[in-house]
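These numbers come from the heavy atoms of this one structure, side chains and all, not from hydrogens, waters or symmetry mates.
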Amino acid sequence: MRPQSILSICGARRAEGQNLVFPPLISHARSLYQSVSLVLWLFCLRDPFAFSPPTSLSQSDVLLSWRCCSLSPSVSRRRPISMISQHKYTGSPARMPSRRSSVAIAFIALSFLLLLYTSRRLGSWTPYNEPYHHETDPHKSQHAPQGDGAHDTKPVPSTQAPAVDPLCEGFPDTSNILLVMKTGASESFARVPTQMMTMLKCLPDFLIFSDMDQNIGGQEIHDSLATVQEAAQEDNSDFDLYRRQKWCEVDQENCNKLGNPAREGWNLDKYKNVHIAEKAYNMRPNYDWYLFVDADTYVLWPNLVEWLKQLKPTKKVYLGSVTLINNFSFGHGGSGYIVSKATMDDFIGNNPGVGNQYDMRAKRECCGDYIFALALKDKTEVGVQQMWPTINGEKPATLPFGPSHWCHPIVTMHHMNAEEINTFWHFERKRYHRLAQSGKKTETLVIRDIFDEFLAPKLNETREDWDNNADNRFYLDQSNDRKWEDWMTNRMKKQDQYNEHEKKAHESFEACGAACKSLGNECFMYRYKDGACSISNSFQLGKPLKKGADKDRTMSGWDVEKIKKWVADQPACDKIRWPEVKTN
């Protein structure tokens, strides 16, 4: 079969509505056709009448047989028709096909069967001329509220519904919440891709801001500092990294070797937050809620959506995990903070250019989340409300499980590296898939669920060269006038309140553990290093440390029996303990 025949058949069936346009199949057919033609030519070149015709064969039939042995368009030694007409037939009976002819026939039959099999395998391939993705922005919701800013892109109507990613089945409707992520060019390629493959995967719309315009996997990242006043940048070492990034003509990783990107990035970061809020609102002014996070923040979307449904975006609120600087409260940026539409309308909508109003102030302050809270308070009189532990700055390995972290829902975690984000994302997906398969209504994920998955299977009595962060109370060696830091001595009990085990707690790791066991639920875990015993009334996993000299080694222990008993005594988390939000 010639390729033209295949094309015509496929085109006709395509017109009839059959999905038979297979560019890979056509390519295979052409190659097969040329191969068969070449083989026939090789077999027929020396003996064009290998298929000896019977005496009744007409001259036109002879010509047809000759042409069957001349399929290849590259054959230039084809005999003229006049020579065919001069061939004399003896009238003898037709010979049986020669061995060479039999091989050729078998080869053609095998090739035809192979072509049929290949067509079945290739039948569902996407044609080359059809787009795999729709022309609309994959991160722009068809229903997401958009603003009139220069960066807005109106959604393009699609006549075909996009395929639902299996990992996004059952994902909640987030069309009224805008996630605004902050990163830096020195870290963006290490952090953003994992976010795009997990936490951001199912969002209809989000914005990412950095200290440089970038594009990662087709996702635009906006320069949050593009409008910072020149006066704030001139003769300001805080902008050394910003200037070097613009100067760099190769990859940022190599250029960053010329400086200290960690320290420089911290100095530059404080200029971003107010500008990010201003740009995000101008680009997307019609969302009910704005969630500001860092690139190492993880958001538990089902919990967040469930929580915000209970609140009114028409009320001015600013929610976060409260931190203090100079006795001024602000929402910790890494934990994430949530701002309602009413607050953003007042803060940004009623104060054009508010970002530049705090450029000079940022030079003498430490942190961007602190400056955001200062600006918000100045312009709207709205202060942050404490939402801890629901808005949280810890992660599964460092969450302090116990009375303060148990039946509480959680919507954010911080300091999550790429592997931790991926692990928790798949834990969430499997959990909600299992609930859906069992026909159960989606259940709010509480901190106890994280304990069951991430800590309970890993509880050991002791770990060497390990820091479990036990630091609620200290027992310190006071001999030889040893000096300890003030924050440690401030967490000591008065010695006349010690029991017999506590008096010896500073002497060794074993003595520290004995003191912990003697204190009931006041101590679930303990840590010892060189004369310092510390205990905690919560329990967490912590992290490994490099092995040091014997006296400098950090040892950690858990009272596993006490922890298991406490967990068993807790009632089921039937009542979800959402934090109280005050509105005027």
Side-chain angles (χ1 to χ4, degrees), residues 133 137-141 144 151 153 165 167-168 171 174 177-226 241-242 244-246 248 250-257 259 261-262 264-266 268-273 275-277 279-280 283-284 287 290-301 304 332-337 368-369 393 395 411-429:
H133 294 289
D137 184 346
H139 298 307
K140 191 70 65 62
S141 171
H151 295 279
T153 302
D165 190 311
L167 289 177
C168 296
F171 196 78
T174 63
I177 306 170
L178 180 68
L179 179 129
V180 184
M181 180 174 288
K182 181 186 69 171
T183 186
S186 61
E187 66 174 21
S188 57
F189 277 90
R191 293 184 174 180
V192 172
T194 302
Q195 292 279 19
M196 292 172 60
M197 292 186 290
T198 56
M199 191 189 76
L200 304 180
K201 186 181 186 71
C202 304
L203 295 184
D205 193 14
F206 57 86
L207 295 172
I208 304 179
F209 291 90
S210 181
D211 41 37
M212 181 181 180
D213 283 328
Q214 292 180 294
N215 188 294
I216 299 181
Q219 174 61 43
E220 184 178 4
I221 299 181
H222 308 278
D223 183 358
S224 62
L225 304 177
L241 176 62
Y242 188 63
R244 187 171 69 242
Q245 288 172 170
K246 290 183 175 295
C248 182
V250 292
D251 60 286
Q252 293 297 323
E253 183 177 354
N254 269 305
C255 289
N256 283 333
K257 294 176 182 178
E264 293 170 327
W266 174 260
L268 187 61
D269 192 74
K270 62 186 179 181
Y271 295 88
K272 297 177 184 177
N273 292 58
H275 281 282
I276 287 175
K279 293 178 186 297
M283 295 168 70
R284 306 285 194 275
Y287 277 88
Y290 294 80
L291 170 62
F292 297 89
V293 299
D294 286 352
D296 59 347
T297 305
Y298 187 91
V299 180
L300 291 82
W301 285 102
L304 179 65
H332 176 235
S335 304
Y337 49 86
D369 43 11
K395 58 183 179 179
V411 299
T412 63
M413 293 183 288
H414 188 219
H415 294 305
M416 300 273 280
N417 62 37
E419 183 178 351
E420 290 168 326
I421 288 173
N422 180 71
T423 300
F424 201 90
W425 164 261
H426 283 286
F427 158 65
E428 269 200 293
R429 301 280 69 75

Between Thr198 and Phe424, is the side-chain contact (heavy atoms from CB on, under 4.5 Å) condition met? List the steps. CA-CA 9 Å; Thr198 56; Phe424 201 90; over 6 Å; no

Before you tell me yes or no, could you show the steps for Leu291 and Trp301 under side-chain contact (heavy atoms from CB on, under 4.5 Å), namely the whole-Å CA-CA distance, both residues' side-chain angles and the distance that decides it to 0.1 Å? CA-CA 11 Å; Leu291 170 62; Trp301 285 102; 4.2 Å; yes

Atom of [X], atom of [Y] and distance for their closest heavy-atom approach:
| X | Y | value |
| --- | --- | --- |
| His332 | Tyr337 | O-CD2, 4.3 Å |
| Ser335 | Thr297 | O-CG2, 4.2 Å |
| Lys279 | Asp223 | CE-O, 3.8 Å |
| Ile221 | Ser210 | CG2-CB, 3.5 Å |
| Phe209 | Ser224 | CB-CB, 4.1 Å |
| His415 | Glu420 | O-OE1, 3.5 Å |

Please list every donor-acceptor pair under 3.5 Å in which a side-chain atom of residues 184-191 meets a protein atom from a residue at least two apart or in another chain.
| from | atom 1 | to | atom 2 | distance (Å) |
| --- | --- | --- | --- | --- |
| Glu187 | OE1 | Arg191 | NH1 | 3.0 |
| Glu187 | OE2 | Thr183 | OG1 | 3.1 |
| Glu187 | OE2 | Arg191 | NH1 | 3.4 |
| Ser188 | OG | Gln214 | OE1 | 2.8 |
| Ser188 | OG | Gln214 | NE2 | 3.4 |

Going by the angle between their ring planes, with limits at 30° and 60°, are Trp425 and Phe171 parallel, tilted or perpendicular? tilted

Using the six-membered ring wherever Trp is involved, compare the ring planes of Phe292 and Tyr290 and label them parallel, tilted or perpendicular (cut-offs 30° and 60°). parallel

Once you round to the nearest 0.5 Å, how far does [atom1] of [X] lie from [atom2] of [Y]?
| X | Y | atom1 | atom2 | answer |
| --- | --- | --- | --- | --- |
| Leu300 | Glu428 | CG | CD | 4.5 Å |
| Tyr287 | Leu179 | OH | CG | 10.5 Å |
| Met181 | Asp296 | CE | CG | 9.0 Å |
| Glu419 | Thr194 | CD | OG1 | 10.0 Å |
| Ile421 | Gln195 | CD1 | CD | 4.0 Å |
| Ile177 | Leu304 | CD1 | CG | 4.5 Å |

Using the rule salt bridge (Lys or Arg N to Asp or Glu O under 4.0 Å), only one of Arg244, Lys272, Lys270 pairs with Asp211; which is it? Lys272

Look only at the side chain of Tyr298 and the backbone of Lys395, and say whether a donor-acceptor pair between them is shorter than 3.5 Å. no

Carboxylate-amine/guanidinium proximity below 4.0 Å for Lys182 and Asp369: no

Applying side-chain contact (heavy atoms from CB on, under 4.5 Å), run through Ile208 and Leu200 and close with a yes or a no. CA-CA 11 Å; Ile208 304 179; Leu200 304 180; 4.2 Å; yes

I'd like to check Val192 versus Gln219 (side-chain heavy atoms, cut-off strictly below 4.5 Å). Are they in contact? no

